[in-house]
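Here's the structure we're looking at; comments come further down.
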Amino acid sequence: MTASTFDIGGERAVRRLGFGAMHLPVSPAQDRERGIAVARHAVRLGVNLIDTAQLYSWGRNEELLAEALHPYPAELLVATKVGVAPPGPGRQADIDGRPEFLRSQVDEGLRRLRLDRIELLQLHRVDTKVPLADQVGALAELRTAGKIAHIGLSEVTVAQLAEAGKITEIATVQNRYSVLDREYEDVVDACAAAGIGFMPWRPVHPATVTPGEVTAVAAELDATPAQVALAWLLRRTPVMLPIPGTGSLAHLEENVAAAELSLTDEQFVRLDAVARP
């Protein structure tokens, strides 16, 4: 039986199966109400780790979560991400890791989420135009100032994780990863060795539903392929924190139920062999 909780930063316990808010609709009004209902139902189902980002609808996703859930339950951790500049006159959206920009986005996130402190603030992407030490250092300063509790990174390599760890404590990493997508296998292993939470985005690969081992195991367990994919992630390592997202109440319930699905040793080995690099 795998552990059901993980301590982010060694001190903030969350249930390991979280929720990604990216797919929650923010408009029009009728769809927005559905998004609010899904967010609230996730909390009712026991989810206490919700992931959002300034990039998601350029802040409106954060505002929707605040409308749905504020004042937040004491056990709920809302994580957000900064580091992408929105499009403007004559420019496209782009990664921006300048310290002054990160500081301004954190302040905007605090306002939109109606928080005094962001419990988990993640750098959405490393800006190759700015020294990593400057980007992570700016977040460390914000933590010292009391605006951030824990710092995470997204889409990083093992080398970048090691470099950042020399500057400040890194609590989580959010890279793309699933049973059918193992590009960042080495990052998962590095996080497991260091006790860093790994929050895979796109934890259910679109090809999961095609015939293969995932669908075969799903048939054996009378489960859905998505549930099997999530169960495999939860067993892969105790630091794994999947954050499947949806705008559907039924799909949300299906995902949350995956936390109770148990794979046999033989099933786990079969799935583990599917996409090893």
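Hydrogens, waters and symmetry mates are skipped; everything else that's a heavy atom, side chains included, is used. Model, not experiment: these values are computed from the prediction.
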Original post:
Using 4.0 Å as the upper bound for N to carboxylate O, is an ion pair formed by R125 and D94?
Top reply: no

Original post:
Do any pairs count as a ring-ring contact (aromatic ring centres under 6.0 Å, His included) and have a residue in residues 182-218, sequence neighbours left out, and if so which ones?
Top reply: Y177-F198

Subject >> Closest non-hydrogen atom pair between A138 and R103, with its separation >> reply: CB-NH1, 4.4 Å

Subject >> Straight-line distance of S178 OG to E183 CD, nearest 0.5 Å >> reply: 11.0 Å

**OP:** Any chance you could lay out the side chain to side chain contact (heavy atoms under 4.5 Å, CB included) test for D265 and V269, step after step, and finish with the verdict?
**Re:** CA-CA 6 Å; D265 292 344; V269 170; 5.5 Å; no

Subject >> R12 atom CZ, neighbour heavy-atom count above 12 within 6.0 Å >> reply: yes

**OP:** Output yes when a side-chain donor or acceptor of E155 lies under 3.5 Å from a complementary backbone atom of R176, and no otherwise.
**Re:** yes

Original post:
Any ion pair linking E185 and R236 (charged N to carboxylate O, less than 4.0 Å)?
Top reply: yes

Original post:
Between S154 (side chain) and Q174 (backbone), is there a donor-acceptor pair under 3.5 Å?
Top reply: yes

Original post:
Ignoring hydrogens and geometry, is there a side-chain-to-backbone donor-acceptor pair from N175 to V156 under 3.5 Å?
Top reply: yes

**OP:** Let me see the working for R112 and L115 under side chain to side chain contact (heavy atoms under 4.5 Å, CB included), right down to the final yes or no.
**Re:** CA-CA 8 Å; R112 285 191 291 262; L115 290 169; over 6 Å; no

Subject >> Side-chain (T168) to main-chain (A164) donor-acceptor, under 3.5 angstrom >> reply: no

Original post:
Mind checking whether L102 and L123 have side chains closer than 4.5 Å, heavy atoms only?
Top reply: yes

Original post:
How about K166: does its NZ atom have over 12 heavy atoms from other parts shown lying under 6.0 Å from it?
Top reply: no

Original post:
Do you know which two heavy atoms are closest between A218 and P225, and how far apart they sit?
Top reply: CB-N, 3.7 Å

Subject >> Straight-line distance of L142 CG to Q105 CD, nearest 0.5 Å >> reply: 11.5 Å

Original post:
Should we say atom CD of Q30 is surrounded by more than 12 heavy atoms from elsewhere, each under 6.0 Å from it?
Top reply: no

Original post:
If you measure from CG on L230 to CZ on R16, what distance do you get to the nearest 0.5 Å?
Top reply: 11.5 Å

Original post:
To the nearest 0.5 Å, how far apart are CD in Q135 and CG in L139?
Top reply: 8.5 Å

Original post:
Is any side-chain heavy atom of D31 less than 4.5 Å from a side-chain heavy atom of R34?
Top reply: yes

Subject >> L69 side chain near R40 side chain, heavy-atom distance below 4.5 Å >> reply: yes

**OP:** Of all the heavy-atom pairs spanning P242 and L233, show the shortest one and how long it is.
**Re:** CG-CB, 4.0 Å

**OP:** Please check if the side chain of R15 supplies one atom and the backbone of N48 the other of a donor-acceptor pair under 3.5 Å.
**Re:** no

Original post:
Do I151 and L110 share a hydrophobic cluster (ILVMFWY, side-chain heavy atoms under 4.5 Å, transitive)?
Top reply: yes

**OP:** Using atom types as modelled and distance alone, determine if a side-chain donor or acceptor of T237 lies under 3.5 Å from a backbone N or O of M240.
**Re:** no

**OP:** Identify the heavy atoms of I148 and R143 that sit nearest to each other, and give their distance.
**Re:** O-CG, 3.2 Å

Original post:
Is any side-chain heavy atom of D272 closer than 4.5 Å to a side-chain heavy atom of R182?
Top reply: yes

Original post:
Do R235 side-chain atoms and L263 backbone N/O form a donor-acceptor pair below 3.5 Å?
Top reply: yes

**OP:** Could you grab the distance from atom CG of L153 to atom OG1 of T172, nearest 0.5 Å is fine?
**Re:** 7.5 Å

Subject >> Between Q54 and E108, a side-chain donor and acceptor under 3.5 Å >> reply: no

Original post:
About how many Å separate CD of E260 and CG of L17, when rounded to the nearest 0.5 Å?
Top reply: 9.5 Å

Original post:
Are any side-chain N or O atoms of R91 and backbone N or O atoms of P86, one a donor and one an acceptor, separated by less than 3.5 Å?
Top reply: yes

Original post:
Can you name the closest pair of heavy atoms from W58 and P87 and give their distance?
Top reply: CZ2-CD, 3.4 Å

Subject >> I95 side chain reached by H124 side chain, heavy atoms, under 4.5 Å >> reply: no

Original post:
How far apart are the C-alpha atoms of S57 and L24, what are their side-chain angles, what is the distance that settles it, and do they pass the side chain to side chain contact (heavy atoms under 4.5 Å, CB included) test?
Top reply: CA-CA 10 Å; S57 300; L24 293 179; over 6 Å; no

**OP:** Hey, could you give me each pair passing ring-ring contact (aromatic ring centres under 6.0 Å, His included) that has a residue in residues 70-114? Not counting sequence neighbours.
**Re:** H70-Y72

**OP:** May I have the step-by-step check of side chain to side chain contact (heavy atoms under 4.5 Å, CB included) for L180 and W232, ending in yes or no?
**Re:** CA-CA 11 Å; L180 297 181; W232 178 85; over 6 Å; no

Original post:
Which heavy-atom pair separates L234 from A258 by the least distance, and what is that distance?
Top reply: CD1-O, 4.3 Å

Return a table of donor-acceptor pairs under 3.5 angstrom between the side chains of residues 76-85 and protein atoms on other chains or two or more places apart.
unit_1	atom_1	unit_2	atom_2	d
T80	OG1	E62	OE2	2.6
K81	NZ	D51	OD1	3.1
K81	NZ	D51	OD2	2.7
K81	NZ	T52	O	3.0
K81	NZ	Y56	OH	3.2

Original post:
Within a radius of less than 6.0 Å around CD of Q92, do more than 12 heavy atoms belonging to other residues, nucleotides or ligands occur?
Top reply: no

